[in-house]
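First the proteins, then the strands, lettered A, B, ... as listed; each starts at 1.
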Amino acid sequence: MSRADTAVILDFETSGLSPNTGDRAIEIGAVKIVEGKIVDRFQSLINPGMRISPFIEDYTGISNALLRDAPNSEHVMTQFADFINGFNLVAHNASFDKRFLDAELQRASQDYMGSFSCSMLVSRRLLQNAPNHQLATLIRYAGITTDGSYHRALFDSEMTTKLWLYMLDDIRNRYDIEQISFSVLQKLSKKTKKSVHSFLESCA
DNA sequence: TGCCAGGCCCTCTTTAGGGCCTT
């Protein structure tokens, strides 16, 4: 059984919303957890080979001047493929990060074997009383302290990691499940809101 | 020329529309 508390939690900053319309990754951050403990981190700016918009400069705080001297995608993604090797992956709104991960890895002729789970989909099932399911809102809702700025890749992946571990604890405490498998979290995302409780009780 | 993401989820649904979430 592969454990839900052993994974790489990642986050991309990008030039826009879709690699299909020419957008590129400009920063990647990731946290590696093994049995609930942080064992490694990964962070790098990525030179996208194009100028990013003033909106993205403002949104992320990452400037064109910073990116000019950053390593290219092939270099960064080759290192990152090694970092995630053998691990399952988590991201907040994973469908977004998966699209960029796939596109940037392909450029570097790299691949990965792990499966993806989405902290946002899990939170929609588990934290149904949260005001919304934006990462920053969920962090506040969970009472997790912060000491940095959102919209940077490593900080967001650190926050997603804390949220992920908070939700695993929540499941353990509420449903008395000793060990949660990664596949249970993936299945949880596909349950209807109403069926979450009975599903988790059946896992206990 | 004009437009430009896409997957998930809810509901006034399923022959669809619109909000959420990510940058």
What contact category does [X] fall into here, base, sugar-phosphate, or nothing, at under 4.0 angstrom with non-hydrogen atoms?
| X | answer |
| --- | --- |
| A:Phe100 | nothing |
| A:Asp58 | nothing |
| A:Asp97 | nothing |

Approximate separation, where rounding is to 0.5 Å, of A:Ser189 OG and A:Leu121 CG: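 These two atoms lie 5.0 Å from each other.
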Tell me every residue that passes ring-ring contact (aromatic ring centres under 6.0 Å, His included) with A:Phe87, counting only those two or more places apart in sequence or in another chain.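 Expected list: none.
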Identify, with sequence neighbours excluded, every residue that meets ring-ring contact (aromatic ring centres under 6.0 Å, His included) alongside A:Tyr59.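 Listed in chain order: A:Phe55, A:His151.
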How close or far is atom [atom2] of [N] from atom [atom1] of [X], stated in whole angstroms?
| X | N | atom1 | atom2 | result |
| --- | --- | --- | --- | --- |
| A:Phe155 | B:dT23 | CZ | P | 12 Å |
| A:Leu101 | B:dT23 | CG | C1' | 16 Å |
| A:Phe116 | B:dT22 | CZ | P | 15 Å |
| A:Ile56 | B:dT22 | CD1 | P | 13 Å |
| A:Lys98 | B:dT23 | NZ | P | 18 Å |
| A:Met120 | B:dT22 | CE | P | 8 Å |
| A:Asn93 | B:dT22 | CG | P | 7 Å |
| A:His92 | B:dG7 | NE2 | P | 18 Å |

Is the distance from OP1 or OP2 of B:dC21 to the nearest side-chain N or O of A:His133 less than 4.0 Å?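 Answer yes for this pair, as a side-chain N or O of A:His133 is under 4.0 Å from OP1 or OP2.
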Under 3.5 Å, is there a donor-acceptor pair between the A:Asn88 and A:Ser2 side chains?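 Note: A:Asn88 and A:Ser2 side chains meet the donor-acceptor criterion.
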Sidechain N-carboxylate O distance under 4.0 Å for A:Arg172, A:Asp176: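 No salt bridge links A:Arg172 with A:Asp176.
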Of A:Lys191 and A:Ala136, whose closest DNA chain B nucleotide lies nearer the 5' terminus?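 Mapping each residue to its closest nucleotide by heavy atoms, the 5'-most match is A:Lys191.
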Please tell me which of A:Thr192 and A:Pro131 maps to the more 5' nucleotide of DNA chain B, matching each residue to the nucleotide holding its nearest heavy atom.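 Looking at the nearest nucleotide for each, A:Thr192 comes out on the 5' side.
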Using a strict heavy-atom distance below 4.0 Å, which residues from residues 14-30 of chain A are in contact with DNA chain B?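 Result for residues 14-30 of chain A: A:Thr14, A:Gly16, A:Leu17, A:Ser18, A:Asn20, A:Thr21, sorted by number.
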Roughly how far apart, to the nearest Å, are [N] and [M] at atom [atom1]?
| N | M | atom1 | answer |
| --- | --- | --- | --- |
| B:dC20 | B:dC3 | P | 24 Å |
| B:dT15 | B:dC21 | C1' | 28 Å |
| B:dC12 | B:dG18 | P | 15 Å |
| B:dC4 | B:dC10 | C1' | 26 Å |
| B:dC8 | B:dT14 | C1' | 16 Å |
| B:dG7 | B:dG2 | C1' | 25 Å |
| B:dA16 | B:dT1 | P | 32 Å |

Side chain of A:Ser95, heavy atoms from C-beta onward: which of B:dC10, B:dT23, B:dG6 has the nearest atom to it?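 The closest nucleotide is B:dG6.
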Nearest to the side chain of A:Arg99 - B:dG7, B:dC21, B:dT23?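 Closest of the options to the side chain of A:Arg99: B:dG7.
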For a 4.5 angstrom cut-off between non-hydrogen side-chain atoms, does A:Met159 reach A:Tyr150?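 A:Met159 vs A:Tyr150: side chains touch.
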Crowded around A:Arg174 CZ? As in, over 12 foreign heavy atoms under 6.0 Å?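 Buried by this count: over 12 neighbours within 6.0 Å.
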May I ask you to check if A:Lys187 and A:Phe199 form a cation-pi contact, with NZ or CZ under 6.0 angstrom from the six-membered ring centre and within 45° of the axis?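 Cation-pi check for A:Lys187 and A:Phe199: fails.
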